[in-house]
Amino acid sequence: MMKKTSGIHHITAIVGHPQENVDFYAGVLGLRLVKKTVNFDDPGTYHLYFGNEGGKPGSIITFFPWANAYQGKIGDGQVGVTSYVVPLGALSFWEQRLAKFNVAVTKTERFGEHYLQFNDPHGLQLELVERAEGEENAWTFGGVTPEVAIKGFGGATLYSSQPTKTADLLENVMGLERIEKEGDYIRFRSSADIGNIVDLKATSTGKGQMGVGTVHHIAWRAIDDQDQLEWQDHVSEHGYGVTAVKDRNYFNAIYFREHGEILFEIATDPPGFAHDESEETMGQELKLPAQYEQHRDEMERRLIPITVREL
């Protein structure tokens, strides 16, 4: 039986100053900072997670913020655009809100849907789209209320150096359904109610360069640890070099780079973000994996202080 991921688990990007990152994703976009931890492979750097009220898979965008790091270039081998979904009728609210914070917006249409496209302060390309699918995000912050709040990912637009091979992977390895082609884009759909639409650009945009303002990887959902091990075998059987399972505390992860040079992760839905602090207090304290706890004082001195604040 063919394996099928239900959709996007999270998207991870590289950005600049951490306070600018928090101000935009919490202060402007109204997302919840659900986890403040460190990059497990570079513990001198934050790893910040933003999502809906409960930190549901499909709503989580995560960041490695490096102040004063070099700017990247968006291109082939990356997620080019990250899409967020908002409730029907909410785009006018977001157009006004983004204008209030001096965020330049472009209106566009794709596959019969209307999008607001804009960049975050560090150059990440984002867009908002209205859809009925997906549960309401109960989080309220800074004037963003549940009836207009971002529900989670609408999906992502992939830029591939070998679009034909990436399309084959999405359909025949990841189990997404190819549903439509329009102009330069091929659309795929998964079964989840958010994080379920992937548009693949069918032509090259030129090679990307990793750095500030670029997506590091896109993660797909596995039901649990057993499902992930099945994915590990499944991906390997299709000729991709896949890593061992890595414990990321809030999920387990495996990684592989597909033929179009995009780094894919497959992450487990459990245990989620409330196992080391309560759901009510998620994101308030710096949480460290056990191996770094003995260095907490030193790490807290080195990390740039950040505050979630209304703007």
Side-chain angles (χ1 to χ4, degrees), residues 4-12 24-35 48-62 79 81-95 97-98 110-116 126-157 174-177 179 187-199 218-224 227 250-251 266-275 277-284 308:
K4 296 182 179 183
T5 180
S6 61
I8 298 169
H9 184 283
H10 67 269
I11 290 172
T12 294
F24 189 78
Y25 285 88
V28 176
L29 296 187
L31 295 173
R32 183 180 185 186
L33 177 62
V34 296
K35 193 62 57 177
L48 305 178
Y49 294 74
F50 298 84
N52 69 1
E53 183 187 37
K56 176 182 177 181
S59 77
I60 298 294
I61 191 163
T62 96
V79 172
V81 185
T82 299
S83 304
Y84 277 120
V85 62
V86 298
L88 296 177
L91 276 191
S92 59
F93 166 87
W94 283 103
E95 187 175 1
R97 183 172 179 85
L98 291 168
R110 193 167 72 251
F111 295 103
E113 296 181 308
H114 296 279
Y115 289 84
L116 295 180
L126 307 174
E127 61 186 11
L128 297 174
V129 61
E130 294 180 352
R131 289 185 192 137
E133 292 176 290
E135 64 186 16
E136 200 173 73
N137 176 7
W139 188 245
T140 296
F141 186 77
V144 180
T145 55
E147 57 269 17
V148 295
I150 290 169
K151 301 176 187 180
F153 293 125
T157 301
M174 304 309 298
L176 277 64
E177 178 187 4
I179 58 172
R187 175 157 284 194
F188 297 83
R189 183 194 300 274
S190 67
S191 61
D193 58 356
I194 58 173
N196 58 349
I197 297 292
V198 173
D199 291 340
I218 182 170
W220 307 91
R221 293 173 67 176
I223 298 167
D224 53 24
D227 186 44
Y250 310 107
F251 47 85
I266 300 175
T268 56
D269 279 3
F273 297 98
H275 76 89
E277 54 187 335
S278 71
E279 188 162 319
E280 292 72 29
T281 61
M282 287 192 306
Q284 294 181 14
V308 175

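A quick note: this is a predicted structure, and the numbers were derived from the prediction, not measured. All values below were derived from every heavy atom in this structure, side-chain atoms included, with hydrogens, water molecules and symmetry-related copies excluded.
Residues meeting the ring pair (Phe, Tyr, Trp, His ring centres under 6.0 Å) test with H114, sequence neighbours left out: none. Annotation: ring pair (Phe, Tyr, Trp, His ring centres under 6.0 Å) contacts of F24 (sequence neighbours excluded): none. By the ring pair (Phe, Tyr, Trp, His ring centres under 6.0 Å) test, W220 is found to be paired with F264, residues two or more places apart in sequence or in another chain being considered. For T145, the side chain to side chain donor-acceptor pair (under 3.5 Å) partners two or more places apart in sequence, or in a different chain, are E147. Scanning for ring pair (Phe, Tyr, Trp, His ring centres under 6.0 Å) contacts around H10 gives H217, F251, with sequence neighbours left out. By the salt bridge (Lys or Arg N to Asp or Glu O under 4.0 Å) test, E127 pairs with R110, sequence neighbours left out.
Nearest approach of W94 to L29, heavy atoms of both residues: CH2-O, 3.2 Å. Pairing each heavy atom of S190 with each of S6, the nearest pair is OG-O, 2.6 Å. The shortest non-hydrogen separation linking S59 to I194 is N-CD1, 4.1 Å. Nearest heavy-atom pair, V28 versus V144, reported as atom, atom and distance to 0.1 Å: O-CG2, 4.2 Å.
D227 is not listed as a side-chain neighbour of R221, based on a closest heavy-atom distance of 4.5 Å or more. For the pair S191 and N196, the minimum side-chain heavy-atom distance is 4.5 Å or more. I60 is not listed as a side-chain neighbour of K35, based on a closest heavy-atom distance of 4.5 Å or more. Y25 places none of its side-chain heavy atoms less than 4.5 Å from the side chain of L33. Proximity of E133 to V85: side-chain heavy atoms (C-beta onward) are nowhere separated by under 4.5 Å.
Other residues, nucleotides and ligands contribute over 12 non-hydrogen atoms within 6.0 Å of the CD1 atom of I179.
Checked for salt-bridge contact, E113 and R131 meet the test: a charged N lies under 4.0 Å from a carboxylate O.
Aromatic ring orientation, Y49 versus Y250: perpendicular (interplanar angle above 60°, classes split at 30° and 60°).
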